[in-house]
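Just below is one structure, and these are the notes that go with it.
What you are looking at is a predicted structure, and each value in this text was computed from that prediction instead of being measured. No hydrogens, no waters, no symmetry mates; every other heavy atom, side chains included, goes into these values.
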Amino acid sequence: MTDMLLRILGGLILLAVLVIAFFAWTLRPLDMDAVSQQWMTEQDRFVTVDGEDWRVRESGPEDAPTLVLIHGFSHSLEAWDALAAELDTTYRIIRFDLPGHGLTGPRADKAYSVTDTVAQVSALLDEIAPDRFAIGGNSLGGLVAWRYAAEHADRVDHLVLIDPGGYPNLGVADDPAPVPDAVRAYLSLAPEAGVAYATSTLYADPSRVSPEQLERIRAMMRVEGNGQALIERIEQFTLPDPNPDLARIAAPTLIVWGSNDAMIPATHGPRFDAAIPNSRLVLMQNTGHVPMEEWPVETAALVRDFLND
């Protein structure tokens, strides 16, 4: 009997070790070079600014009007793939991975505040963008885009905001919100089920999320150092009253908002519209936080008409 119990106990211990080893393997950080080999394209290049490398993607005619697009938190420049495919026959589309995201990877100085990020993006655009261009962004990228436009009226001729950050939200205002342990674990490990659930909440219709999207988002989050960088960004993230800066925006501005946005409520849309001097708001029905991914053709038509005006 004792021998049998010992064998059973030994088997359970072995099983536990195998389970732990399996999850340690599936949740391990990924090497930047390995992820780059899978997701870099011929349109991508690395640009070094102030000692930091950025992944940049450019498409469309080189002599066409330029549209710069900035992705949201924990995502990458691929978030704009479908929209860019609709627009890059007539526009020069410039995209990049923000610091601590995608294949740009973490910064050595760990400077991830909104103010730092706007300054970093400004330095990059000084290197890669023409004198004047249109700029747009979604979520965190929208926040960076409108703050850049407020500071660089001489360079921005149009501004496109898609469900942008700006007003206090989710417990974040003048001071950062605490980062719960569960969020730290999610960002550090990017478990498959967690990424699938988090991505589904960005859509009004989760069935529109593709397996390739989930694979890419998870791989980018698991690039070594990115998870910790995302945590550090939240620890530095603030949303003070945006109205004084929004009032400084001179560029004509298109604001697009998903009616079913579960991340930043659609009620923020009219507040942006009222605060920006020359703006118009479009509320997309049955749409979540990422209209350019959920309804790329319809979103591209709105952007095209706006830029043509």
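Side chain of Ser200 to backbone of Ala198: no donor-acceptor contact under 3.5 angstrom is found. Without hydrogens or angle criteria, Thr104 side chain to Asp97 main chain gives a donor-acceptor distance under 3.5 Å. For the pair Glu293 (side chain) and Trp80 (backbone), a donor-acceptor distance under 3.5 Å is absent. Judged by distance alone, with hydrogens and angles left aside, the side-chain atoms of Glu294 form a donor-acceptor pair with the main-chain N or O of Ala204 at under 3.5 Å. With hydrogens and angles disregarded, no donor-acceptor distance shorter than 3.5 Å links the side chain of Trp257 to the backbone of Pro270. No donor-acceptor pair under 3.5 Å is formed between the side chain of Arg218 and the backbone N or O of Ala193.
Within the 6.0 Å centre-distance limit, the rings of Tyr167 and Phe272 are counted as a close aromatic pair. Less than 6.0 angstrom separates the ring centroid of His101 from the ring centroid of His71.
Note on Arg222 versus Glu192: no salt bridge recorded, every NZ/NE/NH1/NH2 to OD/OE distance being 4.0 Å or above. Between Asp53 and Arg45, none of the side-chain N atoms (NZ, or NE/NH1/NH2) sits under 4.0 Å from a carboxylate O, so this pair counts as no salt bridge. Salt bridge annotation for Asp81-Arg57: present, with a cationic side-chain nitrogen under 4.0 angstrom from a carboxylate oxygen.
With 3.5 Å as the limit, one finds a donor-acceptor pair spanning the side chains of Thr117 and Arg233. Between the side chains of Thr41 and Asp44, at least one donor N or O sits under 3.5 Å from an acceptor N or O.
Residue Thr299 comes nearest to Pro291 through the heavy atom pair OG1-O, 3.1 Å, listed as atom of the first residue, atom of the second, then distance. In terms of heavy atoms, Phe96 sits closest to Ile70 at CZ-CG1, 3.8 Å.
Residues satisfying the side chain to side chain contact (heavy atoms under 4.5 Å, CB included) test with Asn226, not counting sequence neighbours, are Pro106, Val223. Take Ala177 and apply the side chain to side chain contact (heavy atoms under 4.5 Å, CB included) test, not counting sequence neighbours, and it matches Val172. For Asp116, the side chain to side chain contact (heavy atoms under 4.5 Å, CB included) partners are Ala111, Ser113, Gln120, Gln236, not counting sequence neighbours. For Glu86, there are no salt bridge (charged side-chain N to carboxylate O under 4.0 Å, His left out) partners two or more places apart in sequence or in a different chain. Listed by chain and residue number, Arg107 satisfy the salt bridge (charged side-chain N to carboxylate O under 4.0 Å, His left out) test with Asp109 (two or more places apart in sequence, or in another chain). Partners of Asp245 by side chain to side chain contact (heavy atoms under 4.5 Å, CB included), not counting sequence neighbours, listed by chain and number: Trp146, Arg147, Arg248.
Other residues, nucleotides and ligands contribute at most 12 non-hydrogen atoms within 6.0 Å of the OH atom of Tyr197. The local environment of CD in Glu212 is sparse, with at most 12 non-hydrogen atoms from other residues, nucleotides or ligands closer than 6.0 Å. Within a 6.0 Å radius of CG in Asp50, other residues, nucleotides and ligands contribute 12 heavy atoms or fewer.
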